[in-house]
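Reviewing the structure listed below.
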Amino acid sequence: MTDTDLQAGLEVRAGGLTPEGYQALVTAVGWEPRSTADARNLIINARHCVSAWANGELVGMGRVTGVGVSYAHLTDIAVVPELHGQGIGTSILEHLLRLVDRSMSPAATVTLNAVPGAEAFYRRFGFVASETPGLMTRSRGGEA
């Protein structure tokens, strides 16, 4: 499948993530396994949850947690490794940020924990490193 074919068949949407899909993505990216009950709770308790589909197959996800309209934390942003570098992570992050920006106050704080080596990717979206290792923040609108 070419990059063009993938982009033509890519759909990122709110919802659509099941506990089984969550578990499959966690396994694919090598994260610590989660039980079905834990995966279900993480999905249900997310402020926003998005899933990425390529030609009908689940290939990525992302979640937003947070309290009220003043704080959001982006988490569980994952793409199956064999499809890295094809714009799926970008599409997931753009979708999550649109959802956050629509529901948050202009003074809101948005954070995420970047895995080592991914910081440059997140900087493209206005995130900057904080004093806490791995923690990155973004003002609503993407201005650092």
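Quantities reported herein were computed from a predicted structural model and do not represent experimental measurements. Throughout, numbering of the chain's residues begins at 1 and tracks the sequence.
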Side chain to side chain contact (heavy atoms under 4.5 Å, CB included) evaluation trace for Tyr22 with Asp38: CA-CA 10 Å; Tyr22 180 95; Asp38 286 344; over 6 Å; no
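- When the side-chain contact (heavy atoms from CB on, under 4.5 Å) test is applied to Thr75, the partners found at least two apart in sequence or on another chain are Arg63, Thr65, His73.
- Note that the OG1 atom of Thr18 and the CZ atom of Arg40 stand 10.0 Å from one another [nearest 0.5 Å].
- Residues passing the side chain to side chain donor-acceptor pair (under 3.5 Å) test with Arg98 are His95, sequence neighbours excluded.
- Under the side-chain contact (heavy atoms from CB on, under 4.5 Å) criterion, Asn41 pairs with Asn45, sequence neighbours left out.
- For Thr90, the side chain to side chain donor-acceptor pair (under 3.5 Å) criterion is met by Arg124, not counting sequence neighbours.
- Under the 4.5 Å side-chain criterion, counting only non-hydrogen atoms from C-beta, Val110 is not in contact with Val64.
- With sequence neighbours excluded, no residue satisfies side chain to side chain donor-acceptor pair (under 3.5 Å) with Thr132.
- Phe121 is linked by a ring pair (Phe, Tyr, Trp, His ring centres under 6.0 Å) to Phe125, counting only residues two or more places apart in sequence or in another chain.
- To the nearest 0.5 Å, atom CH2 of residue Trp53 and atom CD1 of residue Ile88 are 12.5 Å apart.
- Under the salt bridge (Lys or Arg N to Asp or Glu O under 4.0 Å) criterion, Arg13 pairs with Glu11, sequence neighbours left out.
- Checked by atom type and distance alone, the side chain of Gln23 pairs as donor or acceptor with a backbone atom of Arg34 at under 3.5 Å.
- Sequence neighbours left out, not one pair with a member in residues 19-28 passes salt bridge (Lys or Arg N to Asp or Glu O under 4.0 Å).
- Among pairs with a residue in residues 41-54, none fulfils salt bridge (Lys or Arg N to Asp or Glu O under 4.0 Å), at least two apart in sequence or across chains.
- Counting heavy atoms from C-beta outward, Gln86 and Leu10 have side chains that stay 4.5 Å or more apart.
- Listed by chain and residue number, Leu25, Ala28, Val59, Glu82, Leu83 satisfy the side-chain contact (heavy atoms from CB on, under 4.5 Å) test with Val80 (two or more places apart in sequence, or in another chain).
- With hydrophobic clusters built from ILVMFWY side chains whose heavy atoms lie under 4.5 angstrom apart, Ile77 does not share a cluster with Tyr71.
- Linking ILVMFWY side-chain heavy atoms closer than 4.5 Å, directly or via other members, places Trp31 and Leu58 in a single hydrophobic cluster.
- Taking CG of Leu96 as the start and CG of Asp101 as the end, the distance is 11.0 Å to the nearest 0.5 Å.
- Between the Ser51 side chain and the Gly15 main chain, a donor and an acceptor come within less than 3.5 Å of each other.
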Verdict with supporting geometry, Val26 and Met61, side chain to side chain contact (heavy atoms under 4.5 Å, CB included): CA-CA 10 Å; Val26 163; Met61 67 177 174; 4.1 Å; yes
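- Residues forming a side chain to side chain donor-acceptor pair (under 3.5 Å) with Ser70 (at least two apart in sequence, or on another chain): none.
- Under the side-chain contact (heavy atoms from CB on, under 4.5 Å) criterion, Ala114 pairs with Leu112, Glu119, Tyr122, Met136, sequence neighbours left out.
- Under the 3.5 Å distance criterion, the side-chain polar atoms of His84 are matched with a main-chain donor or acceptor of Val79.
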